[in-house]
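Structure record follows, encoded as structure tokens.
Numbered from 1 within each chain, the chains take letters A, B, ... in sequence-line order.
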Amino acid sequence: MHELSIVSSIVDTVTESLAAYPGARVQEVRLRIGALASVVVDSLEFCWGIAIEGTALEGSRLVVTTVPVVMHCAACDADVELDGVQSFRCPRCGEPSSDLRQGRELEIDSIEIDDEIATETAGVKA
Amino acid sequence: MTRIVELRQGILKKNDELARGLRERYGAAGVLVLNLVSSPGTGKTAFLERTLRELRAGGARAAALVGDLETDNDARRLAASGAPVRQINTHGICHLDAEMIDRHLIGWEGVELGGLDYLFIENVGNLVCPSSYDLGEKIRVALLSVTEGEDKPLKYPTLFNSADAAVITKIDIAEPCGFDRATALGNIQEIRPGIRIFETSAKTGAGMAEWLEYLSEARGQKEL
């Protein structure tokens, strides 16, 4: 249950990135979470509402894209996608591999912001 | 107006950056750092106690940082080996992170990284959360005891898949526990193909010689 720590890190990173957009409100935060990242999406969503309260992210949606595990199969000389995380064998030829190319991601992909307020404020100042 | 801002940033970027710095420091100091991860009760402390004692008997300089939610019981147990040991209390946090390691390396009386051959980090007993946090270690060790289910690697694939070595503990009581060795070894290999597995007993010393040889070889590798 380290989802609250993870959510707090997301809020910090997004807040820092908002420095370039003063007054902007965040509408959506898009994450890429690997199938092997050991993060429970339901728990992230549960923590989200609590963590964003009173921040510039308040009221924003969390959108999570799950990234499947991709490993390199030396026998096939190809990157192959796995259906699950119960066996690290090539689905084509059955060779085991520890050479993972994807599936551990824990990333903030992008955010959708509304900076109408910021633009208006800038207009008034001008 | 609504706009999309691309961030493409690791959520644990701060931890990862700190861990990278630690890894560089360990490398420059020539100390081999291992991160020991398992469920509570697997026997990490007993295994580490024996490891420290045998390393020291062989003339190696070894130390340990030990993580627990509360108490310094483990640090006191490990200190009996004669090795320098420092307790990290996380006060409720379910894993160690790079910042905690960094903070506990500072002001560790009598211990300099450059004066060590081995530094062991005993993580908080937990098979889920520690897998996301890089501590800058060279070797991540997943431990599993014969009293746990043989299917544990299948239940916790993230940790076992990210491990560099696996240690089976309490092998001396494998038989009365009805431990299915072939299934356990097979499951570990299914999740982390090619991993080195050590079958050990901290009580009888079984498997320790092979483990110590592995440590010595790992330390000797140039890319340390």
Side-chain angles (χ1 to χ4, degrees), chain A residues 1-14 16-18 20-21 24-40 44 69 71 84-90 95-100 103-120, chain B residues 1-18 37 69 90 92-100 123-124 126-134 140 142 151-166 186-196:
Chain A
M1 260 312 290
H2 56 316
E3 278 77 4
L4 189 56
S5 318
I6 287 178
V7 164
S8 305
S9 301
I10 299 170
V11 172
D12 289 348
T13 306
V14 171
E16 278 169 26
S17 72
L18 287 177
Y21 308 93
R25 303 289 305 175
V26 180
Q27 293 180 325
E28 197 169 283
V29 176
R30 298 167 186 171
L31 308 181
R32 293 178 76 240
I33 307 284
L36 251 192
S38 248
V39 169
V40 182
L44 281 186
V69 177
M71 64 172 212
V85 291
Q86 289 294 289
S87 178
F88 291 78
R89 289 177 183 277
C90 174
E95 265 308 295
S97 169
S98 272
D99 189 359
L100 292 200
R104 290 188 187 284
E105 289 75 5
L106 209 49
E107 289 171 9
I108 307 170
D109 184 41
S110 60
I111 55 174
E112 190 182 304
I113 59 169
D114 184 356
D115 65 351
E116 213 167 311
I117 309 157
T119 318
E120 275 171 20
Chain B
M1 65 179 256
T2 300
R3 66 170 95 191
I4 308 287
V5 181
E6 305 276 340
L7 291 183
R8 301 260 163 82
Q9 271 195 41
I11 293 171
L12 300 177
K13 191 177 154 212
K14 277 182 188 150
N15 186 79
D16 293 343
E17 282 171 357
L18 214 46
V37 187
L69 269 64
T90 63
I93 295 174
C94 51
H95 56 268
L96 294 177
D97 62 30
E99 189 275 330
M100 296 179 201
N123 219 309
V124 176
N126 182 339
L127 275 178
V128 185
C129 313
S131 56
S132 302
Y133 294 85
D134 185 4
R140 183 177 287 186
D151 58 352
K152 218 146 197 186
L154 305 179
K155 288 178 174 168
Y156 300 91
T158 302
L159 194 269
F160 281 88
N161 183 271
S162 71
D164 302 294
N187 285 342
I188 296 172
Q189 292 294 349
E190 202 59 38
I191 296 299
R192 180 68 163 95
I195 193 171
R196 276 287 293 275

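Distance check: B/Met1 CE to A/Ile113 CD1 gives 8.5 Å after rounding to the nearest 0.5 Å. Interatomic distance, B/Arg192 CZ to A/Leu100 CG, rounded to the nearest 0.5 Å: 8.0 Å. Distance check, rounded to the nearest 0.5 Å: CD of B/Glu6 to CZ of A/Arg30 gives 8.5 Å. Here the OG atom belonging to A/Ser8 is positioned 11.5 Å from the CD1 atom belonging to B/Ile11, to the nearest 0.5 angstrom. One finds the OG atom of A/Ser98 at 6.0 Å from the CG atom of B/Asn161 (value rounded to the nearest 0.5 Å). Here B/Asn15 contributes atom CG and A/Ser9 contributes atom OG; the two are 8.5 Å apart, rounded to the nearest 0.5 Å.
Interface residue A/Gln86: backbone and side-chain heavy atoms are both found under 4.5 Å from chain B. Both the backbone and the side chain of B/Thr2 come within less than 4.5 Å of a heavy atom in chain A. For A/Arg104, the part lying under 4.5 angstrom from a heavy atom of chain B is the side chain only. Only the backbone of A/Ser97 comes within contact range of chain B, with at least one heavy atom under 4.5 Å from a heavy atom of that chain. Contacts of B/Tyr133 with chain A are made by side-chain atoms alone, with heavy-atom separations under 4.5 Å and no backbone atom involved. Interface residue A/Ile33: only side-chain heavy atoms are found under 4.5 Å from chain B.
Side-chain atoms of B/Glu190 and A/Arg89, non-hydrogen and from C-beta on, do get closer than 4.5 Å to each other.
Considering A/Ile10, A/Thr13, A/Asp109 in turn, A/Thr13 is the only one that fulfils the side chain to side chain contact (heavy atoms under 4.5 Å, CB included) rule with B/Gln9.
Across every non-hydrogen atom of A/Ala37 and B/Ser132, the tightest pair is O-OG, 3.6 Å. Here the closest heavy-atom approach between residue A/Glu112 and residue B/Ile4 is recorded as CG-CD1, 3.7 Å. Heavy-atom minimum distance, B/Pro157 versus A/Leu36: C-CD2, 4.0 Å. Closest non-hydrogen pair, B/Pro193 versus A/Phe88, comes out as CG-O, 3.7 Å.
Taking 4.0 Å as the cut-off between side-chain N and carboxylate O, A/Glu16 and B/Lys14 count as a salt-bridged pair.
Of the possible donor and acceptor atoms, none in the side chain of A/Ser110 sits under 3.5 Å from a partner among the backbone N and O of B/Leu7.
Considering only heavy-atom pairs separated by less than 4.5 Å from chain B, the leading option among A/Gly34, A/Ala35, A/Pro96 is A/Pro96.
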